[in-house]
Amino acid sequence: MKILLLISSFNNLSQSVYCKLVELNYSVYIKFAISEELTKQAVEEINPDLIFCPYLKEYISKDIYINTPTFILHPGPIGDRGPQSLDNAINNEVKQWGVVILQANEELDGGDIYASSNFTMRNTSKASIYRNEVNKATLKALDEFLTNYKNEDFIPRKQILNPIHTKLTQENRKINWDKDTNKEILRKINMSDSYPGVKDELLGSKCYLYSAYIEDTLKGKPKEVIAKRDGAICIGTCDGSIWISQIREENSFKLPATYVLKEKIKGIQEKRIALVLEEEINTFYELRVNRKDEVAYLFFNFHNGAMTSAQCIKLKYAIEYLKETCKVLVLCGGDDFFCNGIHLNILEDSKKQGEDGWSNINAMNEAVQAVINCDEILTIASFCKNSGAGGVFLGLACDYALACEDVVFNPHYKTLGLSGSEYHTFTLPKRVGELKAKELLEKCLPINSTQALKINMIDEVFDFSNYDLKLDAFTKTLYEDEEKYEELIDKKKDFLFENYEAMENCKNEELKIMYDEFWDKNSSFHKLRFNFVHKVKPQNTPKRLKDINA
């Protein structure tokens, strides 16, 4: 079956759907809905058996859905209609939500339903629910949809034509700092994250607020900035205080809060905590370890999986500290991503983009080197969330790479005009071979965990339902038998002794190529980074996606 994915952006959800359809051996084409004319032209050229829209902001022309079966993924349960579905769900504090796959017709989200899947809501941001619960529910509904669509006896369910829900404005999101409790402020920011944010004014700066965390111990007057930590600021509320991690000034892009406020918070106290927290507490933190017997599970929860130079060095120090206290170190990444490499927003904001980019990639390499240098213990990358660019290769530097089902990898750099480092020219061919490594780096397409396992990029894939149990069991097989453990350590030491120079040579050659990519003002990296950070809408479907079935 020939399936056309018609999308507004090749976002996480679109990539998950694409990977799942490829895994199921469908012939998949991708087109961006740039204009009605280009969309009609694409449909005529491809002549798909069906069109599926996992992420589409634009309306579909009647000419298209009448002549080609067209289906929409809506991130709301049966009866929910219209945009801002998750915003409303969080605002109304619903306990259950879901997704539906419905056939396009003249009614907005009013077509017949071919599949649905529900989930329990978490008390977290809209972006996190979209990347996790909505993503998993979509893949489950997609399986049901494909089965139902092929079944000639299947009768779709009629959509319940409830009124389209009220559009939420900044008035609905506005924080009353004198009256709103921590819980109410968190709800308003959560339902607005990652778009449009909550409009406010802090210390004279008009801005939008994102990424909030309740604080248990610090107190302050409402709207008083009382502390800062690792890029975040802590603001007093009527019943305590709350951390704001990210801020976007009007007509700009999202950055850590302290980067935006800069001189305005010069005298604010830096409220430090341990490098790695040993327990979960209500505050803002980036690094936490969970210890089980001889295993240390290291979580590094950096916003959107991107790491600044300072965060890379923090991670390096955490790895060097923990390797002295365990037999197995598991890198677990964050709540929404494992890791996505260097921090593009920070580089775009920099007055010294070449220098800071160069610093960032070298700091990233130091974190990877810290993993490689764990010669007295075994290391595991736990890819239970999506990962991209340098983040993939941070994980592949570990002795073992495990993944949750349907996790998406983007093991490439070229879409941003970079050749990449992080020892990838050693670690990737070592796992998949030279030819496959070149293909992954050149084609710049996502693959899911099933496909990654098939090409030996990772070692195991575990079901989502029992992932943590399977991960724990895998770690025990490494250290429970002392004799086997020592044999593995000896083999690792021998391998590092024999290959350390080759690994360092690979890294140095990578950096030689990357030098001009950062420092040359005419490097394509600067324009592509600008487009990425400023969310510049493409004028056509990217060539790498056009070429999928060329």
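What you see is a predicted model; the values in this text were computed from it and never measured.
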Is the closest side-chain heavy-atom distance between [X] and [Y] below 4.5 Å?
X: Asn345; Y: His343; result: yes
X: Leu142; Y: Lys20; result: yes
X: Ser211; Y: Trp243; result: no
X: Leu73; Y: Leu102; result: no
X: Phe530; Y: Glu348; result: yes
X: Asn88; Y: Leu168; result: yes
X: Ile233; Y: Leu261; result: yes
X: Met364; Y: Met307; result: yes

Practice prompt. Determine, stepwise, if the pair Arg229 / Glu270 fulfils salt bridge (charged side-chain N to carboxylate O under 4.0 Å, His left out).
Written response: CA-CA 6 Å; Arg229 176 190 302 149; Glu270 181 82 25; over 6 Å; no
Please find the pair of heavy atoms, one from [X] and one from [Y], that lie closest to each other, and give the distance.
X: Pro446; Y: Val408; value: CB-CG1, 3.7 Å
X: Leu418; Y: Glu517; value: CA-OE1, 3.6 Å
X: Lys385; Y: Asn132; value: NZ-OD1, 2.7 Å
X: Cys398; Y: Leu331; value: SG-CD1, 3.8 Å
X: Ile72; Y: Phe52; value: C-CE1, 4.4 Å

Is a donor on one side and an acceptor on the other found under 3.5 Å between the side chain of [X] and the backbone of [Y]?
X: Thr325; Y: Leu322; result: yes
X: Asn448; Y: Val407; result: no
X: Lys316; Y: Ala363; result: no
X: Trp97; Y: Pro75; result: yes
X: Gln159; Y: Asp109; result: yes
X: Ser241; Y: Gly236; result: no
X: Thr379; Y: Leu329; result: no
X: Arg81; Y: Pro163; result: no
X: Gln15; Y: Phe10; result: yes
X: Ser16; Y: Asn135; result: no

Check whether more than 12 heavy atoms from other residues, nucleotides or ligands sit under 6.0 Å from atom [atom1] of [X], and answer yes or no.
X: Asn123; atom1: CG; value: no
X: Lys221; atom1: NZ; value: no
X: Tyr213; atom1: OH; value: yes
X: Arg157; atom1: CZ; value: no

Between Arg131 and the options Asp193, Asp335, Asp336, the salt bridge (charged side-chain N to carboxylate O under 4.0 Å, His left out) test singles out Asp336
With Asp200 as partner, the option from Lys206, Lys174, Lys223 fulfilling side chain to side chain donor-acceptor pair (under 3.5 Å) is Lys223
Lys126/Asp87 under salt bridge (charged side-chain N to carboxylate O under 4.0 Å, His left out): CA gap, chis, key distance, verdict: CA-CA 7 Å; Lys126 173 176 65 176; Asp87 305 52; 3.0 Å; yes
Inset, instruction - Report yes if the distance between the aromatic ring centroids of Tyr210 and Tyr195 is under 6.0 Å, otherwise no. - result: no
Ring centres under 6.0 Å, that's the criterion: do Phe383 and Phe338 meet it?
yes
[atom1] of [X] to [atom2] of [Y]: how many Å apart, nearest 0.5 Å?
X: Asp406; Y: Cys19; atom1: CG; atom2: SG; result: 9.0 Å
X: Cys312; Y: Asn362; atom1: SG; atom2: CG; result: 10.0 Å
X: Phe337; Y: Ser387; atom1: CZ; atom2: OG; result: 9.5 Å
X: Cys238; Y: Lys179; atom1: SG; atom2: NZ; result: 10.5 Å

| request: I would like to know whether Asp230 and Thr258 meet side-chain contact (heavy atoms from CB on, under 4.5 Å); could you show each step before the answer? | output: CA-CA 8 Å; Asp230 298 329; Thr258 59; over 6 Å; no
Between the side chains of [X] and [Y], is a donor N or O closer than 3.5 angstrom to an acceptor N or O?
X: Tyr413; Y: Glu422; answer: yes
X: Asp80; Y: Ser85; answer: yes
X: Thr237; Y: Asp239; answer: yes

Basic-acidic side-chain contact under 4.0 Å: Lys199, Glu250 = yes
### Task
Compute both the distance and the angle, then confirm whether Lys292 meets the cation-pi test with Tyr297: under 6.0 Å from the six-membered ring centre, within 45 degrees of the axis.
yes
Glu355 vs Lys352, salt bridge (charged side-chain N to carboxylate O under 4.0 Å, His left out): CA-CA, chis, key distance, verdict: CA-CA 5 Å; Glu355 183 178 331; Lys352 302 175 293 181; 3.8 Å; yes
Under the criterion salt bridge (charged side-chain N to carboxylate O under 4.0 Å, His left out), I'd like the reasoning laid out for Lys266 against Glu263: C-alpha separation, chi angles, the key distance, then a yes or no. CA-CA 5 Å; Lys266 199 169 183 181; Glu263 295 299 316; 3.7 Å; yes
